[in-house]
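These numbers were taken from a predicted model, which means no experiment stands behind them. Proteins get letters first, then strands, A, B, ... in listed order; numbering begins at 1 in each.
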Amino acid sequence: MDCEIGSASTQVLAGNISSSLLSLYHLRYLDLSCNRFDEIQIPEFMGSLHKLRYLDLSMSKFIGRIPPQLGNLSNLRYLNLETYSYVRLDYSFNDGTYSTDITWLSRLTSLEHLDMSSVNLSTIVHWLPVVNMLPTLKVLHLPNCQLGSSPDSLLLSNLTSLETLHLRGNNFHKRSVPNWFWDITSLKHLDISFNGFYGPFPEEIGNMTSIVELDLSSNSLVGMIPSSMKNLCNLERLYSSRNNITGSIIELFHRLPSCSLNKLQKLIVPDNNLIGSLPNTLVESLSNLSWLDLSVNELTGNVPMWLGESLSNLSWLDLSNNELTGHVPLSIGELTKLRSLALHSNNLDGVIHGDHLSRLDMLEELRLSDNSIAITVSHTWVPPFSLKMIHLRSCQLGPKFPRWLRWQTQAVSLDISNTSISDMVPGWFWIAASSVEFLNIRNNQITGVLPSTLEFMRAISMDFSSNQLGGQIPKLPINLTRFDLSGNHVVGPLPTKFGAPRLKTLVLYNNMISGAIPPSLCKLRLLQLLDLSRNNLNGSITDCLVNESSTSMTKMSIINLSLRNNSLSGGFPSLLQKCPDLIFLDLGDNRFSGTLPAWIGEKLPSLSFLRLRSNMFYGHIPVELTKLVNLQYLDLAYNNISGSIPRSIVNCRGMTQTIYTSHHLRYPYSSIFTFGENELVHYTGNLMVLTKGQERLYTGEIIYMVNLDLSCNNLAGEIPTEISTLLALKSLNLSWNNFNGKIPENVGDLMQVESLDLSHNALSGEIPSSLSALSSLSRLNLSYNNMSGKIPTGNQLQTLEDPASIYIGNPGLCGPPLSRECSSQPEPIPEHHEVASNDMVSFFLAMGSGYVVGLWVVFLTLLFKRKWRASWYSLYDGAYVQVGVTWASLRGNLG
DNA sequence: ATGCGTTATT
DNA sequence: CCGCCT
C-alpha cells in the first residue's frame, strides 16, 4: 500500500477510533488505511463488525497486539493489516504490530486476500498450518514478518487457489529445497527474496508452470539457473539479484524459457557471478523486454550490436560494474524508448557521438562514469532528452566545457568530475545547474569564479575541488549540506554570511583564503567537518558563541576541525569548549601561543586526535589532558612545552589499547543506527604525506594511527616508566628535549612500535635489552644521549638500516654495530669534525622522521585497508561516519 | 591532478 | 470495494 501524499489513498484521520463505529452494523467495506492514528492498538470491537467483507487497516500507525477478535469477521474476503514501521522524530523506532497466536485467522474461511506485511510474527512457529486452513486464499502477503520456519512440505495442501505468495524478508535461513511453496503450482507471483535461502537454484522451479513473476533476489542461491526454467511459458519477470549465479551469461540466456521469451519484460540479475561475453547474436526475440539489468557481474567482451537492434521496447539497461571492453555500439541509439542507460564502471573506450544519442528522446539517466569513453558531439548539438541524472565521471568531455549541458536544465544529479575540462565555466552553466541537488565538477581545470547567484541554487552537495576557480566564496545555497572547494585559487575572506544553515561538511583547504575566521561560522550549528587548512587565514579565533543568550544555542556539532597551515594566532581557542563532539583537532603549523588549557580534558571528551605541532605553545602538558581516554594521537612537536610527561598518560586508552579491542569512537548520533555500547565510527580520511619533498594525498584509515610525538620541546625529567604501557603506539618520538635518567626497562613491551626516536636528550644508563623484542620496529634513533654499556643485539635490531647512526653521540656505548669493543676503556671524545658530520646525519634523520612516519602510514594503509575495511563494513554497516581529514604528517623533508 | 563509492535531516 | 452466483 502506497500512501503517497496527495493520492486518493492519503487519509488524515488522527486520534482514536470510536466504538460508535459499531452502529454501522451493516458495514461491508471499511478502509482506514494510511491514517495517522495516535499509535493506538487495533480496537477489539472491530471484531464485531460481522458483515465486513473488506477491511483495510494498513499503514495507519497501529501498534501492539492484533486483536484475535478479528477472527469473528467470518465474511471477510480481504484483510490488510500491513504495519507501518517508521522512525519517530526522536529517532526511536515504532515497533508496529505483532501477533503471538494467529489461530483466529483459520476462522476467516472466505478470505481471499491476506496481507500482514511487517507484522511481527517472530514467535509463531506453526503459521503455515493456520494459513493452510484458508482454502479460498488467492493472495498472501507475509513479508518482513520475522518468520523463522518454512516447512519442507505441506502434506495436505488446501492452498489450491493461491496465486500470489509474498514472503520477502523473513528469516528462513535454510536450504532452498525442499520447501513447501515449490508444490503450489497455481502460483503466478512468488517472492522469496531476502530470506537467506541457500543451496542450488532449485530444479523445482520448473513445476510452477503458471508463474508470471519470480523474485529470488538476495538469497545465497548458487550455480546456474536450472534447465527446468524452460517450462515456465508464462514468465514475464525474473528477479535474482544478489545471489551467486555462476556460469556464463550465454548459458543463462539458453535456459530462459524460449516459449515465453517474447513475453519476458524484466530480466534482473545484477550482483551475481556471471562470466563471459554477451551472445553475439540473439536467436530468440526479446521484443517485450523493458528492463535488462546485468550489472555487478564479471561480464567481458563487447556490448553487442543486437542490444540496440532487438530490444525495441527496452526502457532500462544496466550493464554497469562489469569488465566490458570495446566501444559503445551505434545501435544503442536505436533504443528510442530508453529511459536509463547505465554502463558505468566498465573498461569501455571509444567515442560516443551525437548519433548515439540523437534519437533517445525519453532518456532520463545517462551513467557512463569510470570508463575511458570520450563524448564528442558537435559544438552546436542540442540533445533530444532532458536528463535527470548525468554521471560522466572520468569520461573525456573536455577540453572545452561541454556545451550540450546547457540544455539539461532538469538535472537533479550531475557528475562531470575528472572529465578533462580545461576551460572557463560558462555563465549558462549556473543556470542549467540551478536545479541540481548533487553537483560534482571536481578534478578538472575549470577557471572562472563562483557566481553571486550561487545562493539561489537547489544544491544539497557541491564538489568543486581541484580546479582553478578564483574569486571569493559567495553566499551558499540554503539546502547545502556539503561543500568542497579545496584545491582551487579562491581568495579573499570567508563570507560574513554563509547562508547554508544545514551545512555538515565544509572543505576549503588549499586555497588562498585570507583574513580572520568570521563569527558567522558559529551559525553553522550542524557543521561536523571543517577543513580550512593550507590557506592564509590569520588573527585569533573569536569565541563567537560567547554572546549567545539562548542556552540551547551554545553548542556546535563539529567533529573534525583542521586549521593546519595558516597564520592563525592567539591562545588555544576557547570556542572549542562548546564543541563536545570534537574527535579530530589539527591546529598545527600556525602561530598559536599560550598554555594548553586544563579544560581540554573536561570539555572535549571524545578527542582522539590532537595535533598542535609547530606552534608556539608553552607551559606544561596539563595533567587534565590525560583525562582524554580516547586520545590516540598526540603531536605537540615543535613548540616550547616544558615540564615533564604526566604519568597519568596511561589513562589514555587510545594509546594503551589496540584498535582491535577498543572500539571507542562513537557514532555521534543516537539513532536507529547505533549498536549499543560498542558502536564504532569508521573514519576515512585524506592523509597528506610528505615524501622526499613531494606531497601526496592518501586515503587512509586514520583510525589506525597511534602516535605520541613530543619532539623539539623543552621537556625534562625522566621518561615515566608508564610509557611502556602505551601498547598501541605505532610511533613514539621524544627527541630534541632534555629528558634524563634511564630509558624505561620495559620499553620492549611496545610491540606495535614501528618508529622510536629518543635522540638528542640527556638519557643515561644502559639501553634496555628489551628493545630487541620490538618486532615491528623499522626505525630507531637513540643518538646524542649519554647512554653507556653494551648495545643490545638480536632480532629486529639487526635489521635496521644504518645501524651506527642509531647510537652515535653516546660516548659510553660499546659493542656492535659500533667499532668500539666493550672490554676496552671508553674512547676519547671524537674529533670535532666527526661530530659535525655526524650531527648532520642526525639532523637529517630527526627531520626525516616524518618521512618515516609517512612511509609507515602508507604501509599501514596498504596493510589494513582491504582486510579490515571489508569486515568492518559488513559488521557495522550503516554505523560508520565518513570524516574526511587532511593531515600533514610532518613538516620536515629530505629534499 | 587520490580513488572509491556513498551522500541527501536520520 | 458489488451483487449475485453456487
Side-chain angles (χ1 to χ4, degrees), chain A residues 8-9 27-33 51-56 75-80 86-93 110 112-113 136 296 320-321 344-345 367 369-370 391 393-394 398 412-413 415 417-422 436-446 458-463 465-468 477-484 486-488 500-505 510 525-529 557 667-674 682 684-689 694-701 858 861-862 865-866 869-870 873 877-884 886-887:
Chain A
S9 59
L27 198 65
R28 298 226 289 202
Y29 179 96
L30 178 57
D31 183 352
L32 293 173
S33 64
K51 298 222 170 170
L52 276 182
R53 289 184 175 195
Y54 182 102
L55 178 58
D56 190 346
N75 291 306
L76 271 188
R77 297 177 181 186
Y78 178 102
L79 176 59
N80 192 343
Y86 60 98
V87 182
R88 298 190 187 95
L89 284 179
D90 65 353
Y91 304 119
S92 62
F93 199 71
S110 302
E112 294 175 6
H113 183 121
T136 54
V296 198
S320 66
N321 290 285
H344 56 277
S345 295
R367 307 181 186 200
S369 293
D370 301 323
H391 289 181
R393 178 174 64 176
S394 301
V412 175
S413 186
D415 185 347
S417 61
N418 199 31
T419 49
S420 312
I421 299 171
S422 178
V436 171
E437 294 179 6
F438 302 96
L439 177 60
N440 189 348
I441 66 169
R442 73 185 292 187
N443 279 342
N444 284 289
Q445 286 152 290
I446 295 171
R458 208 175 290 173
I460 292 168
S461 171
M462 285 178 154
D463 191 341
S465 60
S466 298
N467 278 289
Q468 291 154 28
I478 191 160
N479 291 327
L480 203 64
T481 65
R482 182 185 134 83
F483 186 60
D484 189 341
S486 60
N488 277 281
R502 295 183 235 252
L503 208 57
K504 277 176 71 178
T505 301
N510 265 351
R525 291 310 163 86
L526 302 179
L527 196 64
Q528 294 181 345
L529 169 61
S557 305
Y667 191 62
Y669 314 101
S670 62
S671 79
I672 56 168
F673 296 114
T674 56
H682 184 117
T684 62
N686 296 327
L687 197 60
M688 199 85 79
V689 178
Q694 276 194 318
E695 195 171 72
R696 283 206 60 188
L697 196 57
Y698 290 87
T699 302
E701 272 77 7
V858 174
T861 304
L862 291 173
K865 198 170 169 180
R866 290 175 192 284
R869 202 183 214 179
Y873 264 82
D877 192 23
Y880 71 90
V881 161
Q882 275 197 327
V883 182
T886 52
W887 198 285

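- Nucleotides B:dT10 and B:dT6 place their C1' atoms 15 Å apart, quoted to the nearest Å.
- You'll find that the side chain of A:Arg502 is closest to B:dT9, out of B:dT9, B:dC4, B:dA1.
- Side-chain proximity of A:Tyr29 to B:dT9, C:dC1, B:dC4: nearest is C:dC1.
- Atom CD in A:Gln468 sits about 10 Å away from atom C1' in B:dA1, given to the nearest Å.
- What separates CZ of A:Arg393 from P of B:dA1 is a distance of 19 Å, to the nearest Å.
- In this structure, A:Leu480 atom CG and B:dT7 atom P are separated by 17 Å, rounded to whole Å.
- The nearest whole Å value for the distance from the CG atom in A:Asp463 to the P atom in B:dG5 is 17 Å.
- Listed for the A:Ser557 side chain is a donor-acceptor partner under 3.5 Å among the backbone atoms of A:Arg525.
- Close to B:dT10, at under 4.0 Å from its OP1 or OP2, lies a side-chain N or O of A:Lys504.
- Residue A:Leu527 contributes atom CG, which lies 15 Å from atom C1' of B:dT9 at whole-angstrom precision.
- A:Asp415 places its CG atom 12 Å from the C1' atom of B:dC4, with the value rounded to the nearest Å.
- For A:Arg442, the side-chain atoms get nearest to B:dC4 when compared with the rest of B:dT9, B:dC4, B:dG5.
- Here A:Tyr54 does not count as stacked on C:dC1, because the ring centres are not under 5.5 angstrom apart with planes under 30°.
- Here A:Asn418 does not reach the OP1 or OP2 of B:dA1: none of its side-chain N or O atoms lies under 4.0 Å away.
- Rounded to an integer number of Å, the gap from CZ of A:Arg525 to C1' of B:dT9 is 17 Å.
- Residue A:Glu437 is classed as having no contact, given no heavy-atom separation below 4.0 Å to the nucleic acid.
- A donor-acceptor pair shorter than 3.5 Å cannot be found between the side chains of A:Asn479 and A:Arg458.
- The line from CD1 of A:Ile441 to CG of A:Asn418 is 12.5 Å long, rounded to the nearest 0.5 Å.
- Residue contacts for A:Thr481: at a heavy-atom cut-off of 4.0 Å it reaches the sugar-phosphate backbone alone, with no base atom in range.
- Counting any heavy atom pair closer than 4.0 Å across all strands shown, A:Arg53 reaches a base atom.
- Look at NE2 on A:His391: it is 14 Å from P on B:dT7, rounded to the nearest Å.
- For the pair A:Ser413 and A:Asn443, nearest-nucleotide mapping onto DNA chain B gives the more 5' position to A:Asn443.
- Between the side chain of A:Asn467 and the backbone N or O of A:Asn444, at least one donor-acceptor pair lies under 3.5 Å.
- With 3.5 Å as the limit, one finds no donor-acceptor pair spanning the side chains of A:Ser417 and A:Asn443.
- With C:dG3, B:dT7, B:dG5 as the candidates, the nucleotide lying closest to the side chain of A:Ser461 is B:dT7.
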